[in-house]
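Input: a single structure, listed below in structure tokens.
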There are 2 protein chains.
Amino acid sequence: MNSSVIVRAPLHVQVAERLRLLIDSGELAPGTRLNEIDLCNTMGVSRTPLREAIRSLATEGLIELQPNRGAIVSIVSQEDVTEILPIMASLEGLGGRLAAMHMDQSKIAQVRKIHNQMISHYKNNEVAEYFETNRLIHELITEGSGNQTLVDTINSLSAKVRRARFTAQMTKESWAKAVSEHEEMIAALEAQDPDRLEAILVQHVETKRATILGAIEQNP
Amino acid sequence: MNSSVIVRAPLHVQVAERLRLLIDSGELAPGTRLNEIDLCNTMGVSRTPLREAIRSLATEGLIELQPNRGAIVSIVSQEDVTEILPIMASLEGLGGRLAAMHMDQSKIAQVRKIHNQMISHYKNNEVAEYFETNRLIHELITEGSGNQTLVDTINSLSAKVRRARFTAQMTKESWAKAVSEHEEMIAALEAQDPDRLEAILVQHVETKRATILGAIEQNP
DNA sequence: AGTTTTTATTTTGCATACAAAATACGATAT
DNA sequence: ATATCGTATTTTGTATGCAAAATAAAAACT
């Protein structure tokens, strides 16, 4: 008996993953029309699994179906972002509250470690590395909630905001503010203070919202 | 030129809707295996659109794919419900907060009207009608937030909890408590007090959580 | 009899083929 | 030259066919 059977994922799942990656990386920009035959050729699969993958990503919201006219990479509007961020604030706040209650010392220490890395990236002005460690910290805290549905829900919303790519527009001031909020986050987490961590995370997303909307104003 | 073109929905969308209905109504019970050929016959379509629909519902979480072995109606576990309800509490709270800020008097009056209907259903012990009006009130408040993404997110989570069908297990006490919380909700809404409405809604979902978990205890 | 092995049947996964709609193109008319 | 109509081509939507995997059934063996 073998309980760890290796089952290679179905084609439509693999295709969905590849498409998600292409969309997330911006290689398939928002608004791009998805030509089935072209994609089939580049991916080396037939139309059936490709179409199944497209349907999946459509229900995920990454792709928009246009009946009889195929599908396009969905466009994340300013309104979408404005709608999503308050939801993210609530959910990240909840995640932080639960994480402060449930995370053990070793995991908290791990977050602290990455936080320190992030700070040094900030000081060295290493933007890409900063964003990556930043993302990782939020991910670890959310996962620390122990609520997988919460993690999934946040990820799905977060993916859309990320795709809008306003992050690069961060000013010196907003960056400094974000970093100082992160200091407070870690302190609240180490103190295992749910109320405080929740409040800081809600505030943190609010800062993010202000940053993003500020950036949008300048690029109309 | 005609801007209101009638485009009949693609088959896979129609099929997905019918499947969703069958699952939601319990006609397709959790755990039921979905035989493609059988479903094709009953629905009068070929396997291609059916499979596309199944993939969609799978990413929605209503269906679980089992590679090389088809799909089953996904089973909502007690853990799932335990995870979902705190999220619903946060989101409904946010919805209420926004609704208290944005809803106009006529819409608030509409909620009051349905609330009064709900109360009379409660007094007459009309359970089904009570639940329907109850659901409608929550829907109206959430929609009153003006945040469509929030509405969608809540609906998606709510659908899973509803499918678990623990609602029938409500005791006299928990029912009374829910009703009194609803009185407070309406008062807060009419006073257009965001903080209060948010707090009540969070509390309300907490009551629901206690009711459901109490019911689960008795039916192991 | 019970268990394993082999064979047959069903069911899913993927590819292809055909039909319908949409788009692109060109000819004709004004 | 532009606009409109009609035809050709492309692209999507749906159905079907074939291969592989899984399940069920039958046979062989202990």
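Because the structure is predicted, anything quoted here is derived from the model rather than measured. Only this structure's heavy atoms are used, side chains among them; waters, hydrogens and symmetry mates stay out. By convention in this document, chain letters (A, B, ...) are assigned in the order of the sequence lines, proteins followed by strands, and residues within each chain are numbered from 1.
- Rounded to whole Å, the distance from CD1 on A:Ile37 to P on C:dA15 is 15 Å.
- Rounded to whole Å, the distance from CG on A:Leu34 to C1' on D:dG13 is 16 Å.
- Looking at every heavy atom in both residues, B:Ser145 comes nearest to B:Leu150 through OG-CD2, 3.9 Å.
- If you measure from atom CG of A:Asn41 to atom P of D:dT11, you get 11 Å, rounded to the nearest angstrom.
- Across all strands, B:Leu50 comes closer than 4.0 Å to no nucleic acid atom at all (heavy-atom distances).
- Taking 4.0 angstrom as the limit, B:Arg55 places none of its side-chain polar atoms (N or O) nearer than this to OP1 or OP2 of C:dT12.
- Per the geometry, CD belonging to A:Glu36 stands 13 Å off C1' belonging to C:dA21, to the nearest Å.
- When each of A:Gly44 and A:Arg33 is assigned the nucleotide of DNA chain C with its nearest heavy atom, A:Gly44 is the one assigned upstream, toward the 5' end.
- Residue B:Arg51 places at least one side-chain N or O closer than 4.0 Å to OP1 or OP2 of C:dG13.
- Rounded to an integer number of Å, the gap from NE2 of B:His12 to P of D:dG13 is 7 Å.
- A close approach under 4.0 Å does occur between a side-chain nitrogen or oxygen of B:Asn35 and OP1 or OP2 of C:dT11.
- In this structure, B:Thr48 does not reach the D:dT14 phosphate: none of its side-chain N or O atoms is under 4.0 Å from OP1 or OP2.
- The interatomic distance linking B:Glu52 (CD) with D:dG13 (P) rounds to 8 Å, in whole Å.
- One can place CG of A:Asn68 at 12 Å from P of C:dA20, the figure rounded to the nearest angstrom.
- Between A:His204 and A:His182, the ring-plane angle classifies as perpendicular under the 30° and 60° cut-offs.
- Counting atom types as modelled, A:Arg69 pairs no side-chain N or O with a base atom of D:dG13 as donor and acceptor under 3.5 Å.
- Atom CD of residue B:Glu126 and atom OG1 of residue B:Thr133 lie 9.5 Å apart, to the nearest 0.5 angstrom.
- Remark: of the listed residues B:Leu28, B:Leu62, B:Val15, B:Ile63, B:Leu62 is the sole one forming a side-chain contact (heavy atoms from CB on, under 4.5 Å) with B:Arg20.
- Using a 4.0 Å cut-off between charged nitrogen and carboxylate oxygen, A:Glu132 and A:Arg135 count as a salt-bridge pair.
- Across the protein-nucleic acid pair, B:Leu11 atom CG and C:dA19 atom P stand 17 Å apart, rounded to whole Å.
- Counting only heavy atoms from C-beta on, A:Arg47 has its side chain closest to D:dG13 among D:dG17, D:dG13, D:dA15.
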